[in-house]
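All values below were derived from every heavy atom in this structure, side-chain atoms included, with hydrogens, water molecules and symmetry-related copies excluded.
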Amino acid sequence: GAVVSQHPSRVICKSGTSVKIECRSLDFQATTMFWYRQFPKQSLMLMATSNEGSKATYEQGVEKDKFLINHASLTLSTLTVTSAHPEDSSFYICSARDVTGKAEAFFGQGTRLTVV
Amino acid sequence: GESVGLHLPTLSVQEGDNSIINCAYSNSASDYFIWYKQESGKGPQFIIDIRSNMDKRQGQRVTVLLNKTVKHLSLQIAATQPGDSAVYFCAENILGGAQKLVFGQGTRLTINP
């Protein structure tokens, strides 16, 4: 099956620093990648949708200057949390759809971000 | 962000019994629905999907029912096993300028021995 690899799985950073999370599709090409944030005991909240080679589409209330998304190739998207604060601590998950246009999305294993 | 389903119920069932997990969605502009299973600290795992032109689809031990009239999805798990304990989410593919996959609130399923 299709595999999406997310890295790192856990990261601890200091307030004010930036953190980059990578999302790679390992055995397929992804035209669309989604980034989600999940707080404890809550659902996945869509942050943004990124398409290869174009700007990401952010959901209402998500600051695009704080959560920088780059989808430079068909196998890699990155999310950078800039000037992180403790309230940014969360579980970040990416997913990807392949170029064939099938609607199914494959998920990474998530990244636990803790800002101290 | 958008949300499909507005509550996080908990469902406890006896091992071997059947489970039914429900989901209400609010957006009519969708063509595809997916059920995911999420274990603690992991990303969602695909279980089964259904297109909006269908009302039922069966997989191995799982069945998804779609009622577009009342905007309702359900996931039936037959003969539940301890490994079925997890949080289950429905997700909706919303058509638009950029198709997006929006998740419901989730249901925690606990299997009692």
>> Tell me if the centroids of the rings in A/Phe107 and A/Tyr36 come within less than 6.0 Å of each other.
In response: yes
> Under the side chain to side chain donor-acceptor pair (under 3.5 Å) criterion, do A/Thr78 and A/Glu22 qualify, and how do the steps go?
Replying inline: CA-CA 5 Å; A/Thr78 60; A/Glu22 293 187 349; over 6 Å; no
>> With a 4.5 angstrom heavy-atom cut-off, is it the side chain or the backbone of A/Tyr58 that approaches chain B, or both, or neither?
In response: neither
> In terms of heavy-atom pairs under 4.5 Å with chain A, which of B/Gly43, B/Gly41, B/Pro44 leads?
Replying inline: B/Pro44
>> Taking side chain as everything from C-beta outward and backbone as N, CA, C, O, which of these in A/Gln38 sits under 4.5 Å from a heavy atom of chain B? Side chain, backbone, both or neither.
In response: side chain
> Which bit of B/Gln38 comes within less than 4.5 Å of chain A, counting heavy atoms only: side chain, backbone, both or neither?
Replying inline: side chain
>> Taking the basic N atoms (NZ, or NE/NH1/NH2) and the acidic carboxylate oxygens, is any pair closer than 4.0 Å for B/Glu39 and B/Lys37?
In response: yes
> What orientation do B/Phe103 and B/Phe89 show, parallel under 30°, tilted 30 to 60°, or perpendicular over 60°?
Replying inline: perpendicular
